[in-house]
Amino acid sequence: MSLLCSRWFLVALATALHMPAGAQPGVAARIDATFAPWDTANSPGAVVSVLKDSRIIYQRGYGMAHLEHGVPMDVSTVFMVASVSKQFTAFAVAMLANEGHIELDEPVRRYVPELSKMLEGITVRQLIHHTGGLRDEFGLLSLAGYRMDDIITKNDILALLYRQHSLNFEPGTEYAYSNSGYTLLAEIVERATNVSFRAWTTEHIFAPLEMNDSHFRDDHGEVINNLAQSYTASGEAYRRQTINYSSVGASGLYTTAGDLARWARNFHTQQVGSAETHRTVRQRGILNSGDTLSYAFGQSFGFHRGKTYVGHSGSHRGFRAHLVRFPQETLAVAVLSNLEEFNPSEAALAVAELFIEPQDFTEFTGTYYSEALQSGVTIKAINGELYMKHSRHDRVQLTWTEPDHFSVDVWFFSELTFQRKDGRITRFLANSSRMRNVSFERR
């Protein structure tokens, strides 16, 4: 047996011996099947951790953490999780706000007066919800001549932001994802506490939660134990990616899948953060128009298979990450990868589906007829999914987006909204960008 194969066997054996109990064997096999294409000795891979009812019930590594040195993935492998970092930054701001150290609705320039007076209207809360109108730091860096493998520090980014004298839009009028806002939020934490963002988050978040393999890296030359190397596919082979980014807030968190599961558990146990802090971080952004966003404090709300989830992805230089929580099911799944082409969101949701009871869609089933069109459709529930069939079209799936609302992937309309009378479904309205509120009555 070769040295590489020996090391692969020993790590795989150690992973199996330390597998947490909880996931049924059939479920465990289906989780493994999700990652099977990358579970080889010559491919970058991934690590998954599943939290159910505040207990890690399954975690395992697949593939290689370091191709050059033949290091397999295991549950202790550390990844850079890019924008998954944002929820920690937002949580830190919420903690300090509820302690009276930061005012969420105060202008950002109160804390960072180096910003141009032309940016006076942006509040701290708008940075959190990406509604401040700030230009994104990565686009600005690239236009300024930086390459993503250059050394990029927080001071480099701040100096660039201080030179901006206009915005993408008036604060509060639109949503546009901006890493710049979260870099400024980390700077606000530092100025409010007089300690580094790395030190504050370690003391107040990571250490109390025993996230012992987690920290914000603010030194690009730092040696990190068990760190995966990131890659991108290049034909039949792989190429290494280089990361010299050492800013914090928008990104910069180095952690493990198990530590992210411990973080997810905190939203149930509230070990770190007061009850008021936890209420604060569930607040979604609201535009000046009154429209509510799906984005809250570093996490997005959505629906999958009829269940509410809260999650966020991250991607940077070959590292891919996704953490998703299903609060009503007390379920969380963290998936981390070191391959640019890997889709962690898809994998995390596929794993989550194994632990979620299928939604009962029977109340929506039946025949619906439109007098305006002199035509009808039939809606049926099949194996936990909802489908619509017109006699002259192929059957199409209806995808739950929120209560009584479904999206449709056909060219002639995009969403269905069911309406009720006395709690009972009586009709639906079909909508698209060019056609609104076409009514189909239930028969």
Side-chain angles (χ1 to χ4, degrees), residues 4 7-8 10-12 14-15 31-50 58-86 138 148-149 152 211 213-217 220-246 250-261 263 311-324 333-351:
L4 174 58
R7 294 176 67 179
W8 174 264
L10 290 172
V11 171
T15 300
I31 295 174
D32 293 346
T34 300
F35 299 91
W38 300 275
D39 193 21
T40 73
N42 57 7
S43 168
V47 178
V48 62
S49 185
V50 180
Y58 195 81
Q59 56 183 349
R60 187 183 165 191
Y62 307 86
M64 304 299 288
H66 210 295
L67 292 173
E68 296 96 313
H69 301 294
V71 181
M73 287 288 188
D74 66 27
V75 296
S76 66
T77 301
V78 174
F79 299 78
M80 192 267 212
V81 296
S83 288
V84 174
S85 309
K86 288 183 172 66
F138 287 107
M148 288 300 102
D149 57 357
I152 301 173
M211 296 175 63
D213 295 311
S214 302
H215 72 279
F216 277 94
R217 188 178 83 161
H220 69 277
E222 177 186 3
V223 173
I224 300 176
N225 292 335
N226 299 321
L227 178 63
Q229 169 62 50
S230 60
Y231 301 91
T232 184
S234 179
E236 297 288 321
Y238 300 98
R239 293 183 60 83
R240 296 173 69 251
Q241 297 278 50
T242 301
I243 296 181
N244 288 316
Y245 181 90
S246 59
S251 183
L253 176 63
Y254 286 71
T255 187
T256 65
D259 271 7
L260 287 181
W263 165 247
H312 208 292
S313 295
S315 62
H316 187 74
R317 303 289 297 165
F319 281 115
R320 295 292 182 266
H322 192 78
L323 173 62
V324 63
V333 180
V335 174
L336 308 181
S337 176
N338 62 337
L339 176 60
E340 188 163 300
E341 291 71 24
F342 187 87
N343 188 328
S345 306
E346 185 179 274
L349 290 174
V351 171

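Side chains are part of it too, since the values below use all heavy atoms of this structure and drop only hydrogens, waters and symmetry mates. Here the structure is a predicted model, which means the values were calculated and not measured.
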Nearest-0.5 Å distance, CG of residue Leu253 to CG of residue Leu260: 7.0 Å
Salt bridge (charged side-chain N to carboxylate O under 4.0 Å, His left out) partners for Asp213, two or more places apart: none
Validation row, ring centre Tyr254 to ring centre Phe319 under 6.0 Å: no
Partners passing side chain to side chain donor-acceptor pair (under 3.5 Å) against Ser83 (at least two apart in sequence or in another chain): Lys86, Tyr177
pair Gln59-Thr256: side-chain heavy atoms closer than 4.5 Å: no
With Arg240 via salt bridge (charged side-chain N to carboxylate O under 4.0 Å, His left out) - residues at least two apart: Glu68
Test side-chain contact (heavy atoms from CB on, under 4.5 Å) applied to Gln241 - qualifying residues, sequence neighbours left out: Ser230, Thr232, Arg317, Glu340
Residue pair Tyr245 / Ala250: nearest heavy atoms and the distance that separates them: OH-CB, 4.4 Å
Residue list, side chain to side chain donor-acceptor pair (under 3.5 Å) with His316, at least two apart or on another chain: none
Heavy-atom pair of closest approach, residues Ser345 and Ser313: OG-OG, 2.7 Å
Side-chain heavy-atom pair Asp39, Asp32 within 4.5 angstrom cut-off: no
Spatial distance of atom OG1 (Thr255) from atom NE2 (His215) [nearest 0.5 Å]: 10.0 Å
With His312 via side chain to side chain donor-acceptor pair (under 3.5 Å) - residues at least two apart: Tyr295
Heavy-atom pair with the smallest gap, counting every atom of Gly252 and Ser85: N-OG, 3.6 Å
Within-4.5 Å side-chain heavy-atom neighbours: Asn226 and Thr77: no
Polar side-chain atom of Asn338 near backbone of Gly318 as donor-acceptor pair, under 3.5 Å: no
Contacts of Tyr231 that satisfy ring pair (Phe, Tyr, Trp, His ring centres under 6.0 Å) - sequence neighbours left out: none
From Ser251 atom OG to Phe216 atom CZ, the distance as rounded to the nearest 0.5 Å: 8.5 Å
Among Ser43, Pro44, Ser337, side chain to side chain contact (heavy atoms under 4.5 Å, CB included) partner for Trp38: Ser43
For Ala233, all residues meeting side-chain contact (heavy atoms from CB on, under 4.5 Å), sequence neighbours excluded: Tyr238, Glu341
Any residue meeting side-chain contact (heavy atoms from CB on, under 4.5 Å) with Asn42, in chain and number order, not counting sequence neighbours: Thr40
Partner set under salt bridge (charged side-chain N to carboxylate O under 4.0 Å, His left out) for Glu346, not counting sequence neighbours: none
Test side chain to side chain contact (heavy atoms under 4.5 Å, CB included) applied to Phe342 and Val335, step by step: CA-CA 10 Å; Phe342 187 87; Val335 174; 3.8 Å; yes
Listed once per pair and sorted, the salt bridge (Lys or Arg N to Asp or Glu O under 4.0 Å) pairs that draw on residues 220-236, sequence neighbours left out: Arg198-Glu222
Atom of Arg320, atom of Ser315 and distance for their closest heavy-atom approach: NH1-CB, 3.2 Å
Check: Val333 and Val48 side chains under 4.5 Å, non-hydrogen atoms: yes
Heavy-atom check, side chain of Trp263 versus side chain of Leu323, under 4.5 Å: yes
Criterion side chain to side chain contact (heavy atoms under 4.5 Å, CB included) on Ile243 and Arg217, from CA distance to verdict: CA-CA 11 Å; Ile243 296 181; Arg217 188 178 83 161; 3.9 Å; yes
Flag side-chain contact, heavy atom, 4.5 Å: Gln229 against Val71: no
With Ala350 via side-chain contact (heavy atoms from CB on, under 4.5 Å) - residues at least two apart: Thr34
Where Tyr62 and Met73 come nearest, the two heavy atoms and their spacing: O-CG, 3.1 Å
Distance-minimising heavy-atom pair for Asp149 and Asn244: O-ND2, 2.8 Å
